[in-house]
Amino acid sequence: MSTLPTPGEEKAASRNFIEQIIDADLAAGKNAGRVHTRFPPEPNGYLHIGHAKSICLNCGLAQQFGGKFNLRFDDTNPAKEEQEYVDSIIGDVRWLGGDWEDRMFFASDYFEQLHDWAVALIKLSKAFVCDLTADQMREYRGTLVEPGKNSPFRERSIAENLDLFARMRAGEFPDGARTLRAKIDMAAPNINLRDPVMYRIKHAHHHRTGDKWCIYPSYDYTHGQSDSIEGITHSICTLEFENHRPLYNWFCRELGIHHPQQIEFARLNLTYTVMSKRKLLQLVTEKHVAGWDDPRMLTIGGLRRRGYTPEAIRAFCERIGVAKFNSTIDMAWLEDAIREDLNERAPRALAVMRPLKVVLTNLEPGEVREIEAANHPQKPELGTRTLPLTREIFIEQDDFMEEAPKKFFRLKPGGEVRLRNAGIILCNEVVKDAAGQITELHCTFDPDHSRKVKGTIHWVSATRGVSAEVRLYDHLFAAEYPEDVPEGQTFLDSINPNSLEMVTAWVEPGLAQAEPGCRFQFERLGYFCVDVVDSQSGKLVFNRTATLRDSWAKEKE
RNA sequence: UGGGGAAUAGUGUAACGGUAGCACUCCGGACUCUGACUCCGUCAGUCUAGGUUCAAAUCCUAGUUCCCCAGCCA
């Protein structure tokens, strides 16, 4: 995903702060020169573009330094986790190109070891069973500015703690009755160090361990040790875990086990969208979108269905960089990334979104001229295809103006324009209905290609083209920062009412055979893909992945 | 009246006491059978105030602003 600067290069490629840390570790001989990272999702939802940043970072670092990359599920809370999410996450990470080889793990794989370590900490007097209720524990914890006070159960004997913990595991107590806590410091200014919970009682069915356990380890007690077991060297997570690092270190140190280094980076924020799982879920459950894979969603599934490529997403993640500053990336960068990729690889096609009929009066009814068209203007190796030109064709309504401004390079009465790949037409007559609406144009066709005309427009045969449903997507939110809302409003108030427009378009006949997932550039319009869910032969559905840049649209304003 | 982080063009990101660089955007231009692509060019930045130094984005002092933390969530 990233590449090392080639030796001998004048100036070394700039390195982000994590690469610099690893450079220094390697130089110091840490971890015997190993680099081992991991992506540790909790299987409680679908992955989104923010996770892609983490996946690309972790996986890219491993690749760059000749190291390894694990996929590990942090499945310590059975109340929220499901196999369905595990499956979708595996598919998404793989689709993005993350390669964990044979190293897919689950924190639940380590439950027995984690339990044994907890017993060891009890024996060291570093952990105790606490009978405080959740409410009481909150009171004892103190506040951000006041120290907490010790639990009355903090000084239980090792024997009693061992007995109680065993009985917790054996299922003798109801949910919430007791916890196992680390014995650290109730006066610590970092609240995470105020005797944090290691185990809680939850009589819940776990998607992997079933009913084997009724006590479950907390994130803080699980994460670092799981990293340690896997031999992770650099445990990369997001900024909100900075306050947890001392705890991460405490467990590794007290247990005397391999001690990975936790490094925090800023999570991804994008304009015109929201990123939190909760809000994404709300969009789905309140039916503001059609589902988790709605092409307007920035979930990996949504992006995939929208027509994004893994390569584009990786290029995007590469370009945004990694730092500790809470930044917000302009959504246009994501769109640029897919345009850049698809411009290279997407075959060109002709399609008309809003048809205006044009009669080529010098062609016979029933006459079909075969027009050869290149599949890619810069890549002759992609070959050509044949387009049928007939007496009746469709052009885009936008490509004709009765009273055109001087810089309008398209068709106007008495004017000429080039039909992409075919020839030049001259507009002789504008036909209108009784209401004065333009119904069709009468033009004469000139197959001579040599003449220069200013404009070129796309077209589709009205008799040979096929119709298709085309879904034109725009940003899901109209506001650049949907979360910055006036008092009394929520992010939902800035939903863009026009984020989806459906049109019945006409596409060149060859597209009738396009397989679901196929991507094209509809010339002068944008990049489109055949929808993998709803498209069928005979009932084509295209999703607009991204528009092309349109300097004429700016000019008009 | 706590603790932990972060501030560099419009947006991101480098520079680690020694020429503030790169990318995207914007704007201008060239090219063009896609008003696309490509190419060329312009504009534009160190949060503030002091200090140290021949030299400060970088070190020091004092402020300002923003983010995170009081789950038996992760």
Side-chain angles (χ1 to χ4, degrees), chain A residues 11 13-17 20 40-42 44 74-77 79-81 107 130 132-134 137-139 141-148 175-181 188-194 196-202 215-216 218-220 222-223 237-246 264 266 271 277 319-330 332-333 336-337 339-340 343-344 348 350 373-374 376-378 407-410 417-424 449 451-458 521-526 547-556:
Chain A
K11 210 174 172 182
S14 68
R15 326 218 74 200
N16 66 51
F17 79 102
Q20 292 179 26
E42 182 189 15
N44 69 343
D74 256 356
D75 56 347
T76 57
N77 186 357
K80 294 187 172 180
E81 297 151 6
C130 182
L132 252 26
T133 64
M137 201 181 292
R138 186 161 39 247
E139 276 173 41
R141 187 158 33 228
T143 70
L144 291 176
V145 294
E146 296 158 338
D175 287 6
R178 294 181 215 265
T179 54
L180 183 72
R181 296 223 257 163
N190 180 344
I191 290 179
N192 293 121
L193 263 16
R194 320 240 261 230
V197 169
M198 295 164 58
Y199 273 91
R200 67 276 215 199
I201 300 171
K202 268 181 204 274
I215 54 171
Y216 289 93
S218 64
Y219 164 85
D220 284 309
T222 307
H223 198 91
C237 60
T238 43
L239 250 27
E240 66 269 28
F241 292 103
E242 275 180 321
N243 293 333
H244 293 247
R245 187 172 357 116
E264 310 85 11
T271 56
K277 253 178 205 174
R319 192 175 304 173
I320 59 177
V322 180
K324 301 192 77 157
F325 177 62
N326 270 308
S327 60
T328 301
I329 309 286
D330 193 321
W333 282 35
D336 277 341
R339 280 193 198 108
E340 204 167 288
N343 178 49
E344 287 295 313
R348 312 286 122 127
L350 261 28
H376 194 294
Q378 281 87 33
K407 295 189 102 177
F408 186 77
F409 302 148
R410 286 110 100 142
V417 78
R418 186 186 303 276
L419 247 29
R420 179 68 168 156
N421 299 306
I424 293 166
H449 279 233
R451 248 159 58 238
K452 282 239 184 250
V453 290
K454 190 68 183 166
T456 298
I457 63 172
H458 55 277
Q521 184 198 91
F522 290 170
E523 290 196 78
R524 302 212 307 131
L525 294 173
T547 59
L548 254 30
R549 277 206 189 79
D550 186 357
S551 49
W552 167 241
K554 277 179 218 155
E555 181 82 24
K556 277 193 295 189

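We use all heavy atoms of the structure for the numbers below, so side chains are in, but hydrogens, waters and symmetry mates are not. Chain naming here is simple, since letters A, B, ... match the order of the sequence lines and numbering starts at 1 in each.
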Starting from C1' on U13(B), measure out to CD1 on Ile329(A) and report it in whole angstrom.
9 Å
If you look at every strand shown and take non-hydrogen atoms under 4.0 Å, does Arg181(A) touch a base, only sugar-phosphate, or nothing?
nothing
Euclidean distance for C1', G2(B) against A20(B) (whole angstrom):
37 Å
Any Lys554(A) side-chain N or O less than 4.0 Å from OP1/OP2 of C26(B)
yes
Calculate the interatomic distance between Leu525(A) atom CG and A36(B) atom C1'; express it in whole Å.
11 Å
Considering only the P atoms, how many Å lie between G17(B) and C60(B), rounded to the nearest integer?
12 Å
Tell me: NE2 of His244(A) to C1' of A70(B), nearest whole Å?
11 Å
For A44(B) versus A9(B), give the span between their P atoms, rounded off to a whole number of Å.
14 Å
Taking only side-chain N and O atoms of Ser327(A), does any of them lie within less than 4.0 angstrom of OP1 or OP2 on U13(B)?
yes
Does the side chain of Thr456(A) reach to within under 4.5 Å of the side chain of Glu523(A), using non-hydrogen atoms?
no
What is the distance, rounded to the nearest whole Å, between atom CG of Leu193(A) and atom C1' of G2(B)?
14 Å
Among C73(B), U13(B), U34(B), the nucleotide that comes nearest once only the side chain of Arg200(A) is considered:
C73(B)
Return the nearest nucleotide to the side chain of Ser14(A); candidates are G35(B), A14(B), G2(B).
A14(B)
How is Asn421(A) classified with respect to the nucleic acid when contacts are heavy atoms under 4.0 Å: base, sugar-phosphate, or nothing?
base
Can you measure Asn326(A) atom CG to U11(B) atom P for me and round it to whole angstrom units?
15 Å
Scan Lys452(A) against the nucleic acid and name what it touches under 4.0 Å (heavy atoms): base, sugar-phosphate only, or nothing.
sugar-phosphate
Minimum heavy-atom distance Ala374(A)-Asn421(A), with the two atoms named
N-OD1, 4.4 Å
For Thr222(A), answer base if it contacts any base atom (sugar-phosphate contacts may also be present), sugar-phosphate if it contacts only those atoms, and nothing otherwise; contact means non-hydrogen atoms under 4.0 Å.
nothing
For a quick check of understanding: with a heavy-atom distance under 4.0 Å over all strands, which category does Leu132(A) fall into, base, sugar-phosphate or nothing?
base
State whether Ser551(A) places a side-chain N or O below 4.0 Å from either non-bridging phosphate oxygen (OP1 or OP2) of A36(B).
yes
Looking at Thr133(A), does any N or O in its side chain come under 4.0 Å of the phosphate oxygens OP1/OP2 on C72(B)?
no
Counting just side-chain N and O atoms, does Arg141(A) come under 4.0 Å of either OP1 or OP2 of C72(B)?
yes
Can you find a donor-acceptor N/O pair under 3.5 angstrom joining the side chain of Asn243(A) to the base of C68(B)?
yes
What's Ala332(A) touching, base or sugar-phosphate or nothing? Going by heavy atoms closer than 4.0 Å.
nothing
N-glycosidic conformation, G71(B) - syn within 90 degrees of 0, else anti:
syn
Between C26(B) and U42(B) - C1' atom distance, rounded Å
11 Å
If you measure from the C1' atom in U53(B) to the same atom in A14(B), how many Å do you get, rounded?
25 Å
Touch class at under 4.0 angstrom, heavy-atom based, for His458(A) against every strand present
nothing
Using whole Å, report how far NZ of Lys454(A) lies from C1' of U34(B).
13 Å
Return whichever of Ile201(A) or Phe522(A) has its heavy-atom-nearest nucleotide of RNA chain B closer to the 5' end.
Phe522(A)
Measuring to OP1 and OP2 of G71(B), would you say a side-chain N or O of Arg138(A) lies under 4.0 angstrom away?
yes
Glu139(A) and Leu132(A): CA distance, side-chain angles, deciding distance, side-chain contact (heavy atoms from CB on, under 4.5 Å) verdict:
CA-CA 10 Å; Glu139(A) 276 173 41; Leu132(A) 252 26; over 6 Å; no
Mind checking Thr143(A) for me? I need base, sugar-phosphate or nothing, with any heavy atom below 4.0 Å counting as a touch.
base
Regarding Glu555(A), tell me which of base, sugar-phosphate or nothing describes its non-hydrogen contacts under 4.0 Å with the strands shown.
nothing
With a non-hydrogen cut-off below 4.0 angstrom, is Asn16(A) in contact with a base, only sugar-phosphate, or nothing?
sugar-phosphate
Distance test, side-chain N/O of Arg319(A) to OP1/OP2 of U11(B), below 4.0 Å:
no
Under 4.0 Å, heavy atoms only, any strand: does Gln20(A) hit a base, just the sugar-phosphate, or nothing?
base
Atom-to-atom span, CZ of Phe409(A) to P of G35(B) - whole angstrom:
10 Å
Is there a donor on the side chain of Glu146(A) or the base of U1(B) sitting less than 3.5 Å from an acceptor on the other?
no
Please give, in whole Å, the distance from A23(B) P to Asp336(A) CG?
14 Å
Arg15(A) versus Gln20(A), closest heavy-atom pair with distance:
O-NE2, 2.8 Å
Given U32(B), is OP1 or OP2 found less than 4.0 Å from the side-chain N or O atoms of Arg420(A)?
no
Any donor-acceptor pair under 3.5 Å joining the side chain of Arg410(A) to the base of G35(B)?
yes
Under 4.0 Å between any heavy atoms, over every strand shown, what does Arg178(A) touch: base, sugar-phosphate, or nothing? Just pick one.
nothing
For Glu42(A), answer base if it contacts any base atom (sugar-phosphate contacts may also be present), sugar-phosphate if it contacts only those atoms, and nothing otherwise; contact means non-hydrogen atoms under 4.0 Å.
sugar-phosphate
As a quick check of understanding, evaluate salt bridge (charged side-chain N to carboxylate O under 4.0 Å, His left out) for Glu42(A) and Lys80(A), giving each step before the final call.
CA-CA 9 Å; Glu42(A) 182 189 15; Lys80(A) 294 187 172 180; 5.8 Å; no
Could you pull out the closest heavy-atom pair between Asn243(A) and Asn192(A), with the gap in Å?
O-OD1, 3.1 Å
Please check the phosphate of C73(B) (OP1 and OP2 only) for any side-chain N or O of Lys202(A) closer than 4.0 Å.
yes
Using the side-chain contact (heavy atoms from CB on, under 4.5 Å) rule, take Ile457(A) and Leu419(A) through it: C-alpha gap first, then chi angles, then the decisive distance, then the call.
CA-CA 5 Å; Ile457(A) 63 172; Leu419(A) 247 29; 4.0 Å; yes
Mark this stacking check for Phe325(A) against A6(B) as yes or no, applying ring centres under 5.5 Å and ring planes under 30°.
no
If you look at every strand shown and take non-hydrogen atoms under 4.0 Å, does Thr328(A) touch a base, only sugar-phosphate, or nothing?
sugar-phosphate
Range-with-range stems for RNA chain B, at least three Watson-Crick or G-U pairs under 3.5 Å:
B:2-7 with B:64-69, B:10-13 with B:21-24, B:27-30 with B:38-41, B:47-51 with B:59-63
Assign each of Ala422(A) and Glu81(A) the nucleotide of RNA chain B bearing its closest heavy atom; nearer the 5' end lies the nucleotide of Ala422(A)
Closest non-hydrogen atoms of Trp552(A) and Arg410(A), given as atom of the first, atom of the second and distance, are CD1-NH1, 3.1 Å
Distance check: side-chain N/O of Arg524(A) vs OP1/OP2 of G35(B), anything under 4.0 Å?
yes
